[in-house]
Amino acid sequence: MAIARQCLLVTLFLTATLFTGAIQGAETPDKPSAPITDKPTTSSTTVPPAPTPVPETTTKGPETTTKPSSTTVPPTTESTTTPQPTTSSTAPPTTTPVVPPTPTPAPSKPAVGNWTIAEGNQTCAMFQAAITVDLAFTNKANKTQHYNVYVPADAKIADEKCGVADNSFSLVFPAGHVQMSFVQNNSHYYLQKVESWINATVLPDLANQTSAANFTVVYVAETDSMALEGSLNSSFVCTAPAALKMTNGTLLKLSSVNYQAFIKDGKLGPAQNCVTDSSPDMVPILVAGGLILFVVLMLIAYIVTRQRQARGYHSM
């Protein structure tokens, strides 16, 4: 029995050995063909398709780069806004030239101006007044008319001269100029000459009435009548209006005059009133006359009552 078991085991061993050898012999020719053709190729081809979604993300990047194209739009709007101010700036110049010279003859009365005449650092005269040039001219109908040209209070001073024997200056304004010259005679000074030039072209009301473009009128003081005469080192004051006769029937009208020529210390001296201003005032005279009349009436009434009382006593 033991020998039979050993023979059976050997037989089974050999059979198993042969079977496994047959199996290994059958498997060895298949192994080189399978890994070379199928398995390596399939494994290598399946791996690269995985990065294919990556370029999809790269395509999204240029989509963001298209946004700078939207930034190019605002410059076009800025260029459209630039021509708008040019159109608005052209409109005002057309309206401004319409108004200018008309207000020149507007004031109904002259304004009082105050001017200081100096040459270098030396002040030689001060002049304050309201000045009107009452211009006489021939109109287009060959008739004489008058036109008032008011010297504005802000007229500029030009051609100042502070001489020892004469002081002169010019008042320049848009409608012309007025030049005044003062001289001294012994212990007095006075207005010796006035020359006025009027530009009719800047005065529409005057230009419409005459064909002349400008006018020149002159005043020269006579030896027996010295206008605005004052004492040296004193100021001349005259509130009453005065009129000086110029050429061609023109009048130089002055009012509220307060001036002094040949000033030495730069200040006005004591005021010296003109003849009109220094005349006696009528108000005190009228008051005194009223008081006297009242006293006389009281005396008459007293006397009448006394006489009536005396008659009553006599009758008793």
Side-chain angles (χ1 to χ4, degrees), residues 107 109-134 148-173 176-196 217-247 250-284:
K109 62 179 181 179
V112 178
N114 194 351
W115 301 277
T116 300
I117 296 89
E119 187 176 8
N121 295 326
Q122 178 187 3
T123 299
C124 60
M126 294 183 180
F127 193 84
Q128 176 181 316
I131 307 172
T132 303
V133 179
D134 187 359
N148 288 330
V149 179
Y150 302 115
V151 177
D154 58 351
K156 306 298 181 182
I157 298 179
D159 302 328
E160 302 99 323
K161 183 179 180 181
C162 294
V164 178
D166 61 338
N167 293 167
S168 61
F169 62 93
S170 294
L171 298 177
V172 182
F173 52 99
H177 70 263
V178 175
Q179 183 178 9
M180 296 184 175
S181 299
F182 300 89
V183 297
Q184 62 172 328
N185 182 10
N186 297 326
S187 60
H188 294 80
Y189 61 89
Y190 61 94
L191 180 61
Q192 194 266 339
K193 184 179 180 181
V194 179
E195 182 177 349
S196 179
V217 288
V218 180
Y219 160 82
V220 179
E222 299 178 0
T223 55
D224 56 346
S225 60
M226 300 178 184
L228 309 184
E229 184 179 6
S231 301
L232 289 175
N233 302 323
S234 298
S235 61
F236 178 86
V237 179
C238 192
T239 57
L244 305 179
K245 292 182 181 180
M246 307 182 78
T247 54
T250 300
L251 298 176
L252 180 68
K253 297 180 179 180
L254 303 171
S255 61
S256 303
V257 177
N258 184 6
Y259 92 102
Q260 182 177 346
F262 305 98
I263 298 175
K264 294 182 179 180
D265 56 357
K267 297 179 181 179
L268 292 175
Q272 177 185 355
N273 293 328
C274 60
V275 175
T276 304
D277 290 348
S278 60
S279 58
D281 195 353
M282 295 299 295
V283 175

Residue pair [X] / [Y], side-chain heavy-atom distance below 4.5 Å:
X: Y190; Y: L228; value: no
X: L244; Y: Y219; value: yes
X: L232; Y: H188; value: no
X: V149; Y: T132; value: no
X: L252; Y: V133; value: yes
X: L254; Y: I131; value: yes
X: I117; Y: N167; value: no

Do you know the tightest heavy-atom contact between [X] and [Y]?
X: G163; Y: F262; result: O-CE2, 3.9 Å
X: V217; Y: M246; result: O-CE, 3.6 Å
X: E195; Y: V218; result: CG-CG2, 4.0 Å

TODO: Ignoring hydrogens and angles, tell me if any N or O in the side chain of Q260 forms a donor-acceptor pair with the backbone of P270 under 3.5 Å.
DONE: no

Rounded distance (nearest 0.5 Å) linking atom [atom1] of [X] with atom [atom2] of [Y]:
X: F127; Y: F169; atom1: CZ; atom2: CZ; answer: 5.5 Å
X: S181; Y: L191; atom1: OG; atom2: CG; answer: 8.0 Å
X: S196; Y: H177; atom1: OG; atom2: NE2; answer: 6.5 Å
X: Q128; Y: L268; atom1: CD; atom2: CG; answer: 8.5 Å

Open item on the list: For residues 250-267, which residue pairs pass the salt bridge (Lys or Arg N to Asp or Glu O under 4.0 Å) check, not counting sequence neighbours?
Closed with: D134-K253

Open item on the list: Per the salt bridge (Lys or Arg N to Asp or Glu O under 4.0 Å) rule, what does the pair list look like for residues 157-170, sequence neighbours excluded?
Closed with: K161-D166

- [ ] Can you run down the side chain to side chain donor-acceptor pair (under 3.5 Å) pairs that involve residues 110-125, sequence neighbours left out, and say none if there aren't any?
- [x] none

Open item on the list: Listing request: all side chain to side chain donor-acceptor pair (under 3.5 Å) pairs with a residue in residues 226-238, at least two apart in sequence or in separate chains.
Closed with: S231-Q272

TODO: Applying side chain to side chain contact (heavy atoms under 4.5 Å, CB included), name anything that partners P152, two or more places apart in sequence or on another chain.
DONE: D154, A155, F173

Open item on the list: Please enumerate all residues that pass ring pair (Phe, Tyr, Trp, His ring centres under 6.0 Å) together with Y189, with sequence neighbours excluded.
Closed with: Y259

